[in-house]
Amino acid sequence: MDKYKAVCFDLDGTVYRGKEVIPEAAELISTLRKMGTVPYYVTNNSSMTTGQLKAKLSSFGIQAEEDHIMTSAIAAAAYCKEHFDGASVMMIGEEGLRAALLEQGFTLTDRNPDIVVMGIDREANYAKLAEACLAIRAGAAFIATNGDKAFPTERGLVPGNGSFVKLMEFATDVVPVIVGKPEPHMLHFIQKAGGFKKDEMVMIGDNYETDIEAGLRFGIDTIHVEGGVTSREIVLKAAKQPTYLFSKLTDWNK
Ligand SMILES: [Mg+2]
């Protein structure tokens, strides 16, 4: 355990399930903090700000530093800063994405943007989608926070950002840059901010196709934990295996 300086936790399905904490994750996080390792959190959620996520974790008794919370919104804004600094941005998204783009100094606009950044927007309507389509067709770059098909709610799976991204892709014939997991951008930004070596980093998650795949693509160790999206049986059939497979996170002993 002490070989890692950046222990990166997925959130939903790994640290909590909707509104309930996963006690073994909270215990591991507390153990790591006592050892002097401050965990990172890596989530495709782009709707919440890091402040809101910090408050949510705190309501579960988990202490988290805001700058250790890497959302796909924070990463999308950082990606835009790296590649399109000073650009005007048309945003489809919620508070988390808005805050992240403004924090990076971007100007938000409804017309003729240089880039369109698309995250989950539960108030998306035809007019908004049409404006984004026109902008992309007119040459704006197309960036998406994440490509998640669906996400879990108390009532079951509902359309995720990826479903809207596919709609836009279909309408424009433009394939966006996707920033969230399984793409490795978020891990890259954590590495850059903390100056870590790749063998000092580990990605922990419940979803093979996003969490484990992101770690594999980035070239760091990975831990799959059961109880979420991907079952152990499915993981065992994958061509590339995670470094460790745990049934719960307290299986990880020093
Ligand atoms: Mg998850």
Side-chain angles (χ1 to χ4, degrees), residues 6-29 32 39-48 50 52-54 56-57 59-60 62 64 68-76 94 96 119-120 144-163 165 178-187 189-190 201-218 220-236 238 240-252:
V7 179
C8 305
F9 289 83
D10 163 56
L11 286 178
D12 214 351
T14 301
V15 173
Y16 50 71
R17 268 183 215 102
K19 290 173 182 150
E20 279 175 16
V21 69
I22 298 174
E24 292 85 358
E27 194 181 322
L28 174 60
I29 289 163
L32 286 166
Y40 284 82
Y41 303 94
V42 181
T43 177
N44 273 2
N45 182 328
S46 72
S47 65
M48 290 169 81
T50 51
Q52 288 166 338
L53 285 164
K54 179 189 159 89
K56 179 167 182 171
L57 286 166
S59 76
F60 295 139
I62 297 171
H68 281 208
I69 301 173
M70 177 58 66
T71 70
S72 65
I74 294 289
E94 296 184 16
I120 186 77
T145 56
N146 65 297
D148 296 6
K149 208 189 299 186
F151 66 88
T153 67
E154 287 74 11
R155 295 173 58 206
L157 290 173
V158 295
N161 188 48
S163 296
V165 168
I178 292 184
V179 178
K181 300 173 284 188
E183 301 301 329
H185 299 286
M186 295 201 278
L187 295 169
F189 288 126
I190 289 173
M201 298 176 72
V202 61
M203 178 70 216
I204 305 177
D206 65 298
N207 187 330
Y208 182 88
E209 286 174 17
T210 55
D211 305 319
I212 304 305
E213 193 66 43
L216 289 168
R217 286 194 202 176
F218 192 54
I220 62 172
D221 283 356
T222 52
I223 296 174
H224 176 264
V225 61
E226 286 178 65
V229 170
T230 319
S231 69
R232 183 186 183 87
E233 292 64 39
I234 300 286
V235 175
L236 287 170
K240 285 190 182 170
Q241 287 296 299
T243 318
Y244 305 99
L245 278 135
F246 293 150
S247 64
K248 46 188 182 332
L249 285 177
T250 39
D251 291 355
W252 200 15

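Quick caveat, the model's predicted, so the values are computed rather than measured. For ligands, and for the atoms within them, numbers begin at 1 and follow the listed sequence.
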Looking at every non-hydrogen atom in both residues, tell me the closest pair between M201 and I220 and how far apart they are.
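What the structure gives for the nearest pair is O-CB, 3.6 Å.
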Only N/O/S atoms count here: what is the atom of D10 closest to the Mg ion (ligand 1) called?
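The Mg ion (ligand 1) is closest to the D10 atom OD2, counting only N, O or S.
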Considering only N, O or S atoms of D206, the one closest to the Mg ion (ligand 1)
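Going through the N, O and S atoms of D206 one by one, OD1 ends up nearest to the Mg ion (ligand 1).
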Got an N, O or S from D12 under 2.8 Å of the Mg ion (ligand 1)?
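For D12, the answer is yes, given that an N, O or S atom comes within less than 2.8 Å of the Mg ion (ligand 1).
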List the steps and the verdict of salt bridge (Lys or Arg N to Asp or Glu O under 4.0 Å) for R217 and E183.
CA-CA 7 Å; R217 286 194 202 176; E183 301 301 329; 3.1 Å; yes
Is the closest side-chain heavy-atom distance between V179 and S72 below 4.5 Å?
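A side-chain contact is absent here, since even the closest heavy-atom pair is not under 4.5 Å.
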Look at the aromatic rings of Y244 and W252 and report parallel, tilted or perpendicular, splitting at 30° and 60°.
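Y244 and W252: tilted rings.
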